[in-house]
Amino acid sequence: MKNLFILGNWKSNKTMTEAANWLEIFSKNMPQIPGHVSVIVCPGFIHLPLFSSRTAPFALGVQNVSAYETGAFTGEIAASMVANTVSYAMIGHSERRKHLGETDEVVAEKVKRVLSVGIRPVVCVSDVAQAEKLAASVPEFTKTGLILYEPLFAIGSGKSDSPENANIAAGSIHGILPETPILYGGSVTAENVRGFVGTEHITGVGVGGASLDAAKFLSLISAAL
Ligand code: 13P
């Protein structure tokens, strides 16, 4: 059976209390997850101790890491600092590319840092060219990496891409990275998730808004199974 990845990206949201409430509801109600399905939650860095102190029924990820190793880089979180805590790291989300000036070169550096400490990178791309640059600059990405394809117009807009279009883009990315799992992101909900995971080239979804409410995220997971 085809693997399935369901990744929740909390972005810059939730106090510690809100995160604890979410975790309480989610853990109590999480359905039995078949072995071929990976649920990944990417909360804020501040929430990691809360999540890792409990036997959470999902994998943990971060939304970013530093492009540098440990050292004199005030405010940065190096990949090695979270290597024992998380299994995945999102890199190059379009919001970071847009608001924080993250370039393809910076993305490549971050991917190298993550790979060197055994974390699986989930590289976010909004077009095929970004995937092409990644494949050219970090060929070792193909061993363990994942691509999260998120067309810009679909992020947070309530207007997802069609599964057909998303599958065509994912097919083009597979032309460059044939072994890499490709997730679709952009206004994924419990109502539309099946359409995406049922396509040939899409092996999962990245979920922003609909992952913030534990009950909504649970419905989405159930709908995707
Ligand atoms: P939305 O699901 O809120 O559109 O966000 C998608 C996203 O950016 C996930 O990384």
Side-chain angles (χ1 to χ4, degrees), residues 4-14 18-19 22 26 37-45 47-48 51 58-65 82 86-102 104 106-107 110-111 114 119-128 130-131 134 145-163 165-167 169-170 173 180-197 199 201-224:
L4 174 63
F5 296 89
I6 303 172
L7 177 147
N9 171 13
W10 280 10
K11 307 192 179 183
S12 191
N13 289 294
K14 293 201 189 294
E18 288 166 344
W22 186 99
F26 193 82
V37 180
S38 302
V39 175
I40 306 159
V41 179
C42 301
F45 283 114
H47 307 125
L48 294 180
F51 278 77
F58 45 78
L60 208 47
V62 286
Q63 301 168 20
N64 178 43
V65 293
V82 292
V86 304
S87 312
Y88 297 85
M90 300 177 67
I91 295 176
H93 193 283
S94 60
E95 289 153 8
R96 299 194 59 83
R97 293 180 192 255
K98 180 177 172 196
H99 300 297
L100 298 152
E102 211 157 281
D104 289 314
V106 171
V107 168
K110 293 185 174 191
V111 172
V114 158
I119 297 175
R120 293 186 79 175
V122 181
V123 176
C124 307
V125 302
S126 48
D127 57 43
V128 180
Q130 289 175 347
L134 172 70
L146 289 80
I147 290 283
L148 173 51
Y149 167 67
E150 303 196 307
L152 296 178
F153 70 85
I155 298 177
S157 65
K159 293 189 172 74
S160 66
D161 202 350
S162 69
N165 280 344
N167 184 52
I173 296 170
T180 305
I182 300 172
L183 286 58
Y184 164 80
S187 300
V188 177
T189 62
E191 288 70 40
N192 65 18
V193 67
R194 274 298 322 155
F196 294 104
V197 299
T199 61
H201 293 286
I202 296 172
T203 317
V205 285
V207 185
S211 72
L212 290 174
D213 179 290
K216 267 194 195 164
F217 194 42
L218 285 161
S219 313
L220 189 153
I221 293 167
S222 298

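Order of appearance sets the numbers: ligands from 1, and atoms from 1 within every ligand. Count residues from 1 along the sequence.
Contacts of Ala154 with ligand 1, taken as heavy-atom pairs under 4.0 Å, involve the backbone alone. At a heavy-atom distance under 4.0 Å, atoms from both the backbone and the side chain of Ile155 approach ligand 1.
Less than 4.0 angstrom separates some heavy atom of Gly209 from each of these atoms of ligand 1: 1 (P), 2 (O), 3 (O). Atoms of ligand 1 lying under 4.0 Å from any heavy atom of Asn9, numbered from 1 in the order shown and given with element: 9 (C), 10 (O). When each atom of ligand 1 is checked for a heavy atom of Lys11 under 4.0 Å away, the hits are 5 (O), 6 (C), 7 (C), 8 (O). If you number the atoms of ligand 1 from 1 as listed, the ones under 4.0 Å from a heavy atom of Glu150 come out as 6 (C), 7 (C), 8 (O), 9 (C), 10 (O).
Taking the six-membered ring where tryptophan is involved, the planes of Trp22 and Phe51 are tilted, since the angle between them lies from 30° to 60°.
Ranking protein heavy atoms by distance to atom 2 (O) of ligand 1, first place goes to Gly208 N, 2.8 Å. Among all protein heavy atoms, the one lying closest to atom 8 (O) of ligand 1 is His93 NE2, 2.7 Å.
Distances between N or O atoms of Ser157 and those of ligand 1 include no value under 3.5 Å. Ligand 1 has a nitrogen or oxygen under 3.5 angstrom from a nitrogen or oxygen of Gly156. Every N/O-N/O distance between Ala210 and ligand 1 stays at or above 3.5 Å.
Atom CZ of Arg97 sits about 9.5 Å away from atom CG of Leu152, to the nearest 0.5 Å.
Inter-residue side-chain proximity for Leu7 and Met90 is flagged as met; some heavy-atom pair is nearer than 4.5 Å. A 4.5 Å side-chain heavy-atom check between Val41 and Ser211 finds every atom pair outside the cut-off. Within the 4.5 Å cutoff, no side-chain heavy atoms of Glu95 are placed close to those of Gln63. In this structure, the side chains of Lys159 and Ser187 stay at 4.5 Å or more apart for every pair of heavy atoms.
Residue-environment remark: NZ (Lys216) stays at or below the threshold of 12 foreign heavy atoms within 6.0 Å.
Ligand 1 has at least one atom lying under 4.0 Å from a heavy atom of Ser187.
In summary, the aromatic rings of Trp10 and Phe26 are positioned with their centroids too far apart to meet the 6.0 Å limit.
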